[in-house]
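Working notes, beginning with the structure itself.
Just so it is clear, the model here is predicted, and its values are computed rather than measured.
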2 protein chains.
Amino acid sequence: MREGPDIAHIAALIGDPARANMLTALMSGKALTVSELAEEAGVTIQTASSHLSKLDEGGLLRPRKQGRHKYFSLASDEVAHVLEGLMGLAAGSGYRRKRTGPRDAELRQARVCYNHLAGDMGTQMFDSLMAQGHLVLDGEELKLTDTGAAFASEFEIDVESLCKARAPVCRECLDWSERRSHLAGSLGRALLNRLEELAWAKRDQKTRVVTFSRNGAEEFKKLFPVK
Amino acid sequence: MREGPDIAHIAALIGDPARANMLTALMSGKALTVSELAEEAGVTIQTASSHLSKLDEGGLLRPRKQGRHKYFSLASDEVAHVLEGLMGLAAGSGYRRKRTGPRDAELRQARVCYNHLAGDMGTQMFDSLMAQGHLVLDGEELKLTDTGAAFASEFEIDVESLCKARAPVCRECLDWSERRSHLAGSLGRALLNRLEELAWAKRDQKTRVVTFSRNGAEEFKKLFPVK
DNA sequence: CTCATAGTTCGACCTTAATCGAAGCATCTG
DNA sequence: CAGATGCTTCGATTAAGGTCGAACTATGAG
């Protein structure tokens, strides 16, 4: 009726199965080509191309041309956040794309949410940071405390440059499997990167599953203890 | 493309313009009837009915029957949260709502609904009881907790005999003006009676208006604080 | 009781858009 | 340059589902 940039349009974009599959695939944080996304969605390249231009037009994607390839990634953390929220609703109402398999348990344990850690390990890390007073919730905003900044520096994260950048350092993201918050924002991303650098964890780009090495899991537990 | 919840189904539900308008209307927090939502979406009642049953099936709504009316509200905060996120993505969606309910300010403030307290004060009392954990929603049923029973006893209400009687102790009743729940059932009735006994409030039988004394309003505020 | 109102169900119509074959660009390789 | 690869555009087909009229059920009012 009364028009404007409506939520119906955006939701309809996400609401097509092929497009939803593409978006879900992009939740891994990796940029994917048209052909890869077509494969992921189970449609031909022509169809995928059409879908992707619509998603792009809707502002959900960020396209990058490189030679004869065209790479797509999610446009922003906000997009990932909304998708994660939708997953929560879908999980709650019991609609799944497929029966729960072994993958599902792995995904619940630890997975990539766009560019940061999610799943049980993700919420565990978040809770630990909160409990140790490294993060505080100031109204709606999540803030890094001084001790938190020191902690991150100790973990060899360049906190200063994160703070200088325009992107928010700390952001809450709702976990669809845990139904609780985990840490997003540039710090969340930096932490996951650091976990990989240290070879504590490894991410599978295709499935979004994050697997911890035995040593990595132990170190993680020490660094982010849960009461 | 194989794991995880089916976001496409949920997003498609939100993605229809008519349904999106209904959901947007429900973001006010008020419960609305089928006809009102039909009007809001600009479709006939038949169409609205069909849409609403789909939304309900998808777990996005919480329906409540009251007489020959059927009221719908959003199923949870999570649903509202996702809708808000979508609005953010849609960027700059301005919409307007129209008001419903009695015009009389006094009736809005506090009135009798059959035998219990309704209006702003009524929903306030209900919200407070819920927030303090005196009432819990168990599925469709509203239950009095142990602390709630103690609270009522403290307020000199004979909880035991209420429980022995056949009539339900706690019942949700949808508020006309607020379009949110307030407390009905024998406990709701007992609470209003007690308010009168203490001379905190007085009811005008003809107009159904309930007027609080200055002292009564203060005591009420203390007993049923709103965060 | 009858009448009115709120909502649901059914069936037919019809718009929308997803899909893919085929052809057309664009870019890289040899 | 030609040939291969990645992607886009066009057009026709087709399936999905939104829409409303009409008939039906349920509740309330007089």
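Distance L52(A) CG to dT19(C) P: 12 Å, rounded to the nearest Å. Spacing between atom CZ of R64(A) and atom C1' of dT27(C) amounts to 18 Å, rounded to whole angstrom units. A straight line from NE2 of H69(A) to C1' of dC7(D) spans 10 Å, rounded to a whole angstrom. One atom, NE2 of H9(A), and another, C1' of dT16(C), lie 13 Å apart when rounded to the nearest Å. L37(A) places its CG atom 14 Å from the P atom of dG6(D), with the value rounded to the nearest Å. If you take CD1 of I45(B) and C1' of dT9(C), they are 14 Å apart, rounded to a whole angstrom. Note: CD1 (I14(A)) to P (dA18(C)) measures 14 Å, nearest angstrom. Spacing between atom CD of E57(A) and atom P of dT8(D) amounts to 13 Å, rounded to whole angstrom units.
Counting any heavy atom pair closer than 4.0 Å across all strands shown, T33(A) reaches sugar-phosphate atoms only and no base atom.
Contact annotation: the side chain of F212(A) approaches that of L195(A) to within less than 4.5 Å [non-hydrogen atoms, C-beta and beyond]. In this structure the side chain of L144(B) reaches within 4.5 angstrom of the side chain of V159(B), judged on heavy atoms. Counting heavy atoms from C-beta on, the side chains of E160(B) and C163(B) never come closer than 4.5 Å.
Fit an axis to the five pairs at each end of the helix from dC1(C)-dG30(D) to dG30(C)-dC1(D) and the two axes sit 30° apart, to the nearest 10 degrees.
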For L37(B) and L26(B): C-alpha separation, side-chain torsions, deciding distance, then whether side-chain contact (heavy atoms from CB on, under 4.5 Å) applies.
CA-CA 9 Å; L37(B) 288 164; L26(B) 290 172; 4.1 Å; yes

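E197(A) and R194(A) are joined by a salt bridge, as a carboxylate oxygen and a charged side-chain nitrogen come within less than 4.0 angstrom of each other.
Residue R171(A) places its CZ atom among more than 12 non-hydrogen atoms of other residues, nucleotides or ligands, all under 6.0 Å distant.
Looking only at distances, no side-chain donor or acceptor of R19(A) sits under 3.5 Å from a matching main-chain atom of H51(A).
Distances shorter than 4.0 Å separate none of the side-chain N or O atoms of K70(A) from OP1 or OP2 on dA26(C).
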Could you run through nucleotides 14-26 of chain D and give me one letter per nucleotide, 5' to 3': B if any protein heavy atom sits under 4.0 Å from the base, S if only the sugar-phosphate is that close, - if neither?
----SSBBB----

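When the side chain to side chain donor-acceptor pair (under 3.5 Å) test is applied to S76(B), no partner is found at least two apart in sequence or on another chain.
For the 3.5 Å distance criterion, the side chains of T24(A) and R208(A) fail to qualify, holding no donor opposite an acceptor.
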